[in-house]
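Here the structure is laid out as structure tokens; the discussion comes afterwards.
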Amino acid sequence: KHLDFFCQSLNGLAHGRRVLSDKLKTVVEDGQRALITTVEGMIETCGESTFNDALCHVPHLSKDHIHACIDEMKILATTADAMAESEIEALSVVWDALNFIE
């Protein structure tokens, strides 16, 4: 009975981590696709000869946009840290309870 609860807790935590990981992966992949599409467009329209040349001519992001992205990443990192801490605390409580019962 106790092991079932422990297993369900671990599965729930693992699922949450998978969802967060998948979302972060999607954000990174979408960003990469957008950058590559933009650079490829620069190569075609501006006559740049190489990927690196085109990449150097991609317009800069605004300062506000950069700060907003950094703030979002900080929030995600803080959330992931909090999830990891609560996961460890939850497992410790369950483990202590199982040891107490024995």
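Numbers here are sequence positions counted from 1. Atom set for the values below is all heavy atoms of this structure, side chains included, hydrogens, waters and symmetry mates excluded.
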Could you go through residues 69-77 and list every donor-acceptor pair under 3.5 Å that involves a side-chain atom there, pairing it with any protein atom two or more places apart or in another chain?
none

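One distance of note links CD1 of Ile36 with CD of Gln32; it measures 6.5 Å at 0.5 Å rounding.
In this structure Asp22 satisfies the side chain to side chain contact (heavy atoms under 4.5 Å, CB included) test with no other residue, sequence neighbours excluded. Remark: Arg18 engages no residue in a salt bridge (Lys or Arg N to Asp or Glu O under 4.0 Å) (not counting sequence neighbours).
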